[in-house]
Every structure is written in structure tokens, then in C-alpha cells.
Amino acid sequence: MTYEAPDFFAIDDLLTEDERMVRDAVRAWVTDRVLPGIADHYLAGTFPMELIPEMAELGLLGAGIDGYGCPGLGGVAYGLILQELERGDSGIRSFASVQGSLVMWPIRNYGSEEQKQRWLPALHKGEAIGCFGLTEPDHGSDPGGMETRAVKRGDKYVLNGAKMWITNASLADVSVVWAKTEGTIRGFLVEKGTPGFIQQAMGKKYSLRASDTSELILQDVEVPAENMLPGVKGLKGPLSCLTQARSGIAWGACGAAMACYDEARRYALQRTQFGKPIAQFQLVQAKLAQALTEITKMQFLNLQLGRLKEAGKMTPEQVSMAKRNACYEALEIARTCRGILGANGITAEYQVMRHMCNLESVITYEGTHDIHTLIIGQAATGLDAFR
Ligand code: TGC
Ligand code: FAD
């Protein structure tokens, strides 16, 4: 099957030659290496570990980071990578998002020189895996209420608490753990194997099955004081990382929607009922037209988001709008496309249901749909409706 990426408004023409090259390389890799095995991993509930060295070889881990051996790609090229990875599966994009935006980005921007030297090249080469521990069992949308504590004792910090729903956490060599110290939130790099640090997989998921989602438990975990990220204090530390990752999710969700649309369109042209291809019925065409329109709108929003990022002008509120819209519309498209495939749409022979189930997580993590609604509402009115 040859993937025909929807590009109704010739957005390709607005990309540079280099951006198209990066996009096409990842697209081909996803077709050759991700799609053949992803359904089996999904059904088994395993992350395809075998793909990590290949992603690293292609330069996809921390592709937006500059220096320390990383390529420093622009916002659009980085976004296109995530779009293509999520065309394969949200779990693959999640792995790359967490590694690049939530682990490498804070180390690059808030880390000491020693932390950068130690971790960035290894994370880029896939020799080390990272995770980002912000959410707790009782504090999701409101991370400012976190209970994890870090208490200074001599030249060490002692961490106690628990983080839940953490992508890559059971695999991670280094965990970026956010904790309150003397009332202020700080980030700590906690290494695998540190006594009292438990990295425990969470089972029984219906969504993001080809992704590691785990708990981090910290029981009197001693970390050297130099493992604290020196460059940031307060909730804006983790929230600024989220701005980076959320912008990537806007691109990723669009990739999942593009995959669903392509599959449904192809199916509708081949599937015959009442003596005609179902693509010839007006109701099916209305669904495809709506999906194509929303994909096109997402593509434009993402392109401009990437260009604003490259110009250093991207705001968190713009990111919220792009993330919120892309996740909502991608989920609608995945559900509609699942319907176009009829009973076949529920099987692992096709992609639509896997994307649909994944997108239920994607619309929830990195700020739920409601939280992004309130962020946009606050930008529009100047009034905080969170509390
Ligand atoms: P608030 O008072 O608004 O802000 C506290 C400080 O942070 C600053 N700030 C930001 N800075 C950078 N980027 C942003 N997006 C920022 N948002 C806020 C703000 O200016 C302030 O700075 P300062 O200097 O005045 O102290 O904080 P709040 O407690 O009212 O919370 C606001 C709210 C609700 C929007 C925020 O808490 C939020 O975004 N909640 C959602 C939580 C969330 O998204 N969690 C995600 C966890 S990680 C994850 O899901 C990874 S999934 C990865 C994968 O698998 O792909
Ligand atoms: P809650 O905050 O309890 O929200 C429940 C409901 O209440 C939602 O519908 C929400 O929109 C609504 N709500 C909450 N507050 C308000 C309000 N003020 N007004 C109106 N409605 C409101 N976290 C990490 O730190 N690192 C990770 O790597 C990570 N990976 C994840 C991977 C997966 C697969 C999943 C599912 C989650 C992951 N998360 C991660 C956690 C994720 O960020 C949280 O689940 C998310 O922020 C929502 O928090 P919650 O689940 O506690 O929901």
C-alpha cells in the first residue's frame, strides 16, 4: 500500500527542500519499519525497543535541540518528524516527544554544563532513555498541588513522593522529577538504580498500548545536589517544557488523522455495497470532505506554529490552541474513519481503531481539552477560570 498523504492546499510548496527531505525520510522509515510490526506490539502491549537505535540513527531523538551533537532542526522540520512518527503510532511519537521535548529540552535549557555533557549526546544517540515525572496520583491538571518533596540534607537532596502515568518511566536511565523544595518547585535528574527509586510499569491500558506508561515511586531517594537543574525555579519550569512538547503533539495528532483519512478513503473506493463503491454515496463523501477540511486546517495552523517557533515568537496560548484543536479534530476523524471501515474498522488489520484509542490519551495528556480551553479563555478575557 502506498501512503497518499493528504495535501489539499499544496502546503508542500510552503516547505523548504530540507524540510521535505526530512519529512520524506521519516515517512519512508515509518512505512518500512514501524507499520509492519506496530499492530502486534499494540496487541501485546509492548513498546518496539528494536526501533530506538534506528530512530537515533535517523537523528530523530532531540532533533530540535542544538549543540551537544544534536542537529538543532527548526520548528517546522521537527514538527514534520513528529507528524510522520504519529502516522505510525502515537506511542512512537510519544517516545520521541518525551525524550526530545521533556528530557533533553530542560537539560539543554536549565541544566548545568556537566549535566548537558553527560546526558545530551547519550540521549540523542538512544544510548540513554529519559522520562518526565510531573503528574501525581492526586495532581494531574493542577501540578502546582504536587506532594513530592525534596529536602536538602548536606550535599544531597532526599526525595519522597510518587509520580503516575509517566511515559518511558520503566525504561528510563534518567528521570526528570519535579518536586517541591522549601515551597519552590525544582527539577531533579534521578538515575535508574538509585536506592529507594522504583520504576514500575502500569498495566491494563486500552490506549497507547505500544508505549511504556509507568509509575515512579520515591522513598527516601538521595540525589547529589548537583543533580538539581540549576536554571529554573517554580511551576514555569515544567510548564515551559510542556509548551515544547505540546507543540509537537499538535503536529503528531495531525499525522494520526492523516493516516486515518488515507486508510478510510482508500477503503471507501474499494468497498462495494448496493452495487457501488461506498465512496460514491453522499454520506461517505460528506465524512471524507469534513475530515480532509479539518486536516487541512490543522496543517496550516501547525505550519504557522512552527514558523512562529523558529522566529522565537510562539506563545504558550498559541500552542494550546493548536494542541487542543488537533487532538479534538483528530479524534473525531479517527472515529468517523473507523465507521467508514464498518466491521473491518475494529480489527488490527487496519490502523483506524488503534489511532482512535491512542488519541483518547493524546487528548488527555499534556493538558486535557478542558485545560487548553481555559488557557485560551484566559488569553481571550484576561480572567482565570481554573479555580
Ligand atoms: P500559573 O500561575 O498559570 O503559572 C505558573 C507559572 O508558570 C508560567 N507558565 C508557563 N510558562 C511557560 N509555558 C507555559 N505553558 C506556562 N504556563 C504557565 C506562568 O507564567 C507562571 O510563571 P511565574 O513566573 O509567574 O511563576 O499556574 P497554574 O497553577 O494556575 O496552572 C495553570 C495550568 C492549569 C494551565 C497548568 O497547571 C497546566 O498546564 N496544567 C496541565 C498539566 C499538564 O499539562 N500536565 C502534563 C504532564 S506531562 C505529560 O502529560 C506528558 S505526556 C507525554 C507523551 O507521552 O507524549
Ligand atoms: P484530572 O486532572 O483529574 O482531570 C479529570 C477531568 O477533570 C478532566 O476531564 C479535566 O479536563 C477536568 N478538569 C480538571 N480541572 C478542571 C478545571 N479547572 N475546569 C474544568 N475541568 C477540569 N504525565 C507526566 O507527568 N509525564 C508523562 O510522561 C505522562 N505521560 C502520560 C501518558 C499517558 C498514556 C497518559 C494517559 C497520561 C500521561 N501523563 C503524564 C499524565 C497526564 O498529563 C494527565 O493525565 C493529565 O494532565 C490529566 O490529569 P488527570 O489524569 O489527573 O486528570
Side-chain angles (χ1 to χ4, degrees), residues 45 47 82 85-86 89-103 105-106 109-110 129-146 148 161-172 175-179 183-185 187 201-202 204-216 232-253 314-321 323-324 327 357-379 383-387:
F47 179 76
L82 299 181
L85 292 181
E86 196 146 355
D89 191 82
S90 302
I92 308 294
R93 196 269 310 137
S94 264
F95 179 86
S97 286
V98 169
Q99 185 94 342
S101 296
L102 294 180
V103 178
W105 192 87
N109 287 278
Y110 305 136
I129 296 173
C131 74
F132 178 89
L134 179 64
T135 304
E136 299 186 353
D138 294 329
H139 305 279
S141 298
D142 181 18
M146 72 173 63
T148 301
K163 300 289 175 181
M164 199 173 177
W165 301 110
I166 309 304
T167 301
N168 297 350
S170 78
L171 308 172
S175 301
V176 177
V177 173
W178 299 93
T184 311
I185 293 171
M202 298 168 61
K204 300 198 174 167
K205 286 181 295 175
Y206 285 126
S207 175
L208 269 187
R209 290 187 52 75
S211 175
D212 168 34
T213 312
S214 299
E215 285 176 89
L216 297 174
V232 73
K233 269 187 204 177
L235 196 53
K236 66 170 180 280
L239 293 183
S240 57
C241 304
L242 294 180
T243 296
Q244 303 303 312
R246 288 166 176 171
S247 70
I249 291 177
W251 288 89
M314 180 180 86
T315 68
E317 294 78 13
Q318 290 164 340
V319 172
S320 283
M321 186 179 284
K323 193 269 182 191
R324 176 182 180 274
C327 293
C357 291
N358 281 337
L359 287 162
E360 290 289 349
S361 286
V362 181
I363 200 172
T364 298
Y365 65 37
E366 302 262 9
T368 64
H369 187 77
D370 299 329
I371 289 298
H372 291 295
T373 305
L374 297 176
I375 293 173
I376 299 165
Q378 187 175 20
L383 302 173
D384 169 349
F386 296 104
R387 296 173 176 84

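Along the sequence shown, residues carry numbers from 1. We count ligands from 1, going down the list as the structure has it; atoms in each ligand are counted the same way.
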Protein heavy-atom partner closest to [atom] - residue, atom, separation in Å:
{"atom": "atom 42 (C) of ligand 1", "result": "G140 O, 3.7 Å"}
{"atom": "atom 31 (O) of ligand 1", "result": "L235 CD2, 4.3 Å"}
{"atom": "atom 50 (O) of ligand 1", "result": "E366 N, 2.9 Å"}
{"atom": "atom 22 (O) of ligand 1", "result": "K236 CB, 3.9 Å"}
{"atom": "atom 47 (C) of ligand 1", "result": "T135 OG1, 3.6 Å"}
{"atom": "atom 28 (P) of ligand 1", "result": "R387 NH2, 3.5 Å"}
{"atom": "atom 45 (O) of ligand 2", "result": "T364 CG2, 4.0 Å"}
{"atom": "atom 13 (N) of ligand 1", "result": "T243 OG1, 3.0 Å"}
{"atom": "atom 48 (C) of ligand 2", "result": "T368 CG2, 3.8 Å"}
{"atom": "atom 37 (O) of ligand 1", "result": "P143 CD, 3.3 Å"}

May I ask whether [atom] is less than 4.0 Å from at least one protein heavy atom?
{"atom": "atom 7 (O) of ligand 2", "value": "no"}
{"atom": "atom 51 (O) of ligand 2", "value": "no"}
{"atom": "atom 1 (P) of ligand 1", "value": "no"}
{"atom": "atom 40 (N) of ligand 1", "value": "yes"}
{"atom": "atom 8 (C) of ligand 1", "value": "yes"}
{"atom": "atom 16 (C) of ligand 1", "value": "yes"}
{"atom": "atom 41 (C) of ligand 2", "value": "yes"}
{"atom": "atom 26 (O) of ligand 1", "value": "no"}
{"atom": "atom 4 (O) of ligand 2", "value": "yes"}

Out of [options], whose heavy atom is nearest to [atom]?
{"atom": "atom 25 (O) of ligand 2", "options": "T135, L216, L102", "answer": "T135"}
{"atom": "atom 46 (C) of ligand 1", "options": "T184, I185, L242", "answer": "L242"}
{"atom": "atom 38 (C) of ligand 2", "options": "W165, F386, W178", "answer": "W165"}
{"atom": "atom 1 (P) of ligand 2", "options": "G91, S361, S90, S141", "answer": "S141"}
{"atom": "atom 55 (O) of ligand 1", "options": "D212, T167, N168", "answer": "T167"}
{"atom": "atom 47 (O) of ligand 2", "options": "G140, C131, S94, S211", "answer": "G140"}
{"atom": "atom 36 (C) of ligand 1", "options": "L239, L208, D142", "answer": "L239"}
{"atom": "atom 16 (C) of ligand 2", "options": "I371, T167, I363, D370", "answer": "I371"}

Item to complete: State the OG-CG distance between S97 and L82, to the nearest 0.5 angstrom.
Response: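 The CG atom of L82 is 5.0 Å from OG of S97, to the nearest 0.5 Å.
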What atoms in ligand 2 come closer than 4.0 Å to a heavy atom of [X]?
{"X": "F132", "value": "24 (C), 25 (O), 26 (N), 27 (C), 28 (O)"}
{"X": "L134", "value": "25 (O)"}
{"X": "Y365", "value": "31 (C), 32 (C), 33 (C), 35 (C), 37 (C), 38 (C), 42 (C), 43 (O)"}
{"X": "E366", "value": "43 (O)"}
{"X": "L374", "value": "17 (C), 18 (N), 19 (N)"}
{"X": "L208", "value": "34 (C)"}

Indicate whether the side chain of [X] and that of [Y] have a donor and an acceptor atom separated by less than 3.5 Å.
{"X": "Y365", "Y": "T167", "result": "no"}
{"X": "T368", "Y": "D370", "result": "no"}
{"X": "T373", "Y": "R324", "result": "yes"}

For ligand 1, which part of [X] has a heavy atom less than 4.0 Å away: the side chain, the backbone, both, or neither?
{"X": "Q99", "value": "neither"}
{"X": "V319", "value": "neither"}
{"X": "I375", "value": "side chain"}
{"X": "S141", "value": "backbone"}
{"X": "F386", "value": "side chain"}

Discussion item. Check the orientation of F47 and F95. Use parallel for under 30°, tilted for 30 to 60°, and perpendicular for over 60°.
Written reply: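 Plane angle under 30°, so parallel.
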Side chain [X], main chain [Y], donor-acceptor under 3.5 Å:
{"X": "N358", "Y": "L208", "value": "yes"}
{"X": "S361", "Y": "C357", "value": "no"}
{"X": "N168", "Y": "D212", "value": "no"}
{"X": "S101", "Y": "V98", "value": "no"}
{"X": "H369", "Y": "I363", "value": "no"}
{"X": "T135", "Y": "M164", "value": "no"}
{"X": "K205", "Y": "S211", "value": "yes"}

Taking only non-hydrogen atoms of R246 and a 4.0 Å limit, the atoms of ligand 1 in range are 38 (C), 39 (O), 41 (C), 43 (C), 44 (O)
(Q) Quick check on contacts: which atoms of ligand 1 are under 4.0 angstrom from a heavy atom of V98? (A)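 What qualifies from ligand 1 is 53 (C), 54 (C), 55 (O).
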- [ ] Could you give me the CA-CA distance, side-chain angles and deciding distance for T148 and W178, then say whether side-chain contact (heavy atoms from CB on, under 4.5 Å) is met?
- [x] CA-CA 8 Å; T148 301; W178 299 93; over 6 Å; no
Would L102 count as a contact of ligand 1 if the rule is a heavy atom under 4.0 Å away?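 Per 4.0 Å heavy-atom rule, L102 contacts ligand 1.
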- Query: For ligand 1, is there an atom lying under 4.0 Å from some heavy atom of S94?
  - Reply: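 Yes; S94 lies near enough to ligand 1 that a heavy-atom distance drops under 4.0 Å.
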Atom CE of M314 with >12 non-hydrogen neighbours under 6.0 angstrom =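 Yes, CE of M314 has more than 12 neighbouring heavy atoms, counting only those of other groups under 6.0 Å.
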_Residues, nucleotides or ligands: over 12 heavy atoms within 6.0 Å of W165 CH2_ =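 No - once you tally the heavy atoms of other residues, nucleotides and ligands closer than 6.0 Å, there are 12 at most.
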message: Could you check whether any side-chain heavy atom of H139 comes within less than 4.5 Å of a side-chain heavy atom of P143, counting everything from C-beta outward?
response: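 Result no, sub-4.5 Å side-chain heavy-atom pair not found.
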Under 3.5 Å between any N/O of R93 and any N/O of ligand 1: does that happen in this structure?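 Yes.
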Fill in: Full working for side-chain contact (heavy atoms from CB on, under 4.5 Å) between H372 and V319
CA-CA 9 Å; H372 291 295; V319 172; over 6 Å; no
